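Please read the structure below before turning to the comments.
When a ligand or atom number is given, it counts from 1 through the structure's own listing order. For this chain, numbers begin at 1 and follow the sequence in order. These figures come from a predicted structure and were not determined experimentally.
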Amino acid sequence: MTESLLRVDDLEVAYPGRGMRAEPTRILHGVSLDIRPGETVGLVGESGSGKTTLGRAILGLAPVTGGTVTYRGEDISHPTRQRRRELTRDIQVVFQDPYTSMNPNLTIEQTLTEPLRVNGTKGSEARDRVASLLEAVHMPVDSMTRFPNEFSGGQRQRIAIARALALDPALIVCDEPVSALDLSNQRRVLDLFIEIQERTGVAYLFVSHDLAVVRHLSHRVAVLYRGEIVEWGDCDQVTARPEHPYTQRLLMAAPVPHPVRQAKHRADRQRVLAAQREADLQSGAA
Ligand SMILES: Nc1ncnc2c1ncn2[C@@H]1O[C@H](COP(=O)(O)OP(=O)(O)OP(=O)(O)O)[C@@H](O)[C@H]1O
Ligand SMILES: [Mg+2]
């Protein structure tokens, strides 16, 4: 069995209550899951179920009041500031709204160069890296000199993905990254996520309220309901034969557009992942 890249064990997140004697508000309780290298774990659930909070806890942005988050065997539930900064190399994020997640005053080149500074990458080396990042997300290299407002939502989301990839992270928390896009752009950006994963071996925690989206690219799926995981397992298992009534309801709201194509697609994805694991094991053994 492949070692987990990231584990969440019995996680509890609670925000302090307002006022002197107010009880803390528990948002997540008893949440456990793991993400393997190169894997996509889909996280679905209705609005307010705690999906963003779980992503934020992994990124160190939500108050962990119980349980642990472990990255490559290291407890990162309460890291120092310094360690948190270092971890941004390994764990990146793509947000839902491509309009607010980018500084409008920076050119695309500046936006993409910024994370590279962490590595001390400068000058022509940085320029080359920015060009290859843009290429990786199928954006023309002449986008470099332009500003975010000169691009569509779909294009901005590609740039946000390029920014997340800049430091070769092992994991990207994707919080509803296609929810603000129209259907045809959704599909293209989802396929881009898949393509990048197949090439780089990056893992995703892929958050969405839309089971159809999650089903398109996840290897395993967790269903969050009122701050607890009510279903967790292989994508096919969870999305085709859900056990929990809440998941069954979600599923009814998300019909499969092309059942045969989707099944083939998933089978292909599983093969790619198995091959990657095999390669990991071999390189680990060497
Ligand atoms: N900073 C905060 N302080 C207090 N409560 C918060 C805070 N952030 C989130 N919450 C509460 O935590 C709960 C879960 O919110 P969260 O944003 O994780 O849900 P979500 O599943 O991502 O929903 P959506 O699909 O609408 O994005 C909500 O009830 C929200 O009000
Ligand atoms: Mg959210």
Task: Inter-residue atom distance Ile35.CD1 - Ser4.OG, 0.5 Å rounding - done: 9.0 Å
Open item on the list: Below the 3.5 angstrom mark, is there an N/O of Gly50, backbone or side chain, next to an N/O of ligand 1?
Closed with: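 Looking only at distances, the answer is yes, because the N/O contact criterion of under 3.5 Å is met.
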- [ ] Please indicate whether any nitrogen or oxygen in Gly45 is less than 3.5 Å from any nitrogen or oxygen in ligand 1.
- [x] no
Flag for [Y]-[X]: side-chain donor and acceptor within less than 3.5 Å:
X: His29; Y: Asp10; answer: no
X: Thr247; Y: Glu231; answer: yes
X: Gln197; Y: Thr40; answer: yes
X: Glu46; Y: His209; answer: no

Task: Any protein heavy atom nearer than 4.0 Å to atom 31 (O) of ligand 1 - done: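 Protein heavy atom within 4.0 Å of atom 31 (O) of ligand 1: absent.
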Open item on the list: Could you work out, for atom 25 (O) of ligand 1, the closest of Glu46, Lys51, Arg26 by heavy-atom distance?
Closed with: Lys51
If you measure from the Lys or Arg side-chain nitrogens to the Asp or Glu carboxylate oxygens, is any gap between [X] and [Y] under 4.0 Å?
X: Arg199; Y: Glu195; answer: yes
X: Arg72; Y: Glu3; answer: no
X: Asp34; Y: Arg220; answer: yes

Relative to the heavy atoms of [X], which atoms of ligand 1 are at a distance of less than 4.0 Å?
X: Thr52; result: 17 (O), 18 (O), 20 (P), 22 (O), 27 (O)
X: Thr53; result: 14 (C), 15 (O), 16 (P), 18 (O)
X: Gly48; result: 13 (C), 14 (C), 19 (O), 20 (P), 21 (O), 23 (O), 24 (P), 26 (O)
X: Ile27; result: 11 (C), 12 (O), 13 (C), 14 (C)

Open item on the list: At a cut-off of 2.8 Å, what protein N/O/S atoms sit near the Mg ion (ligand 2)?
Closed with: Thr52 OG1
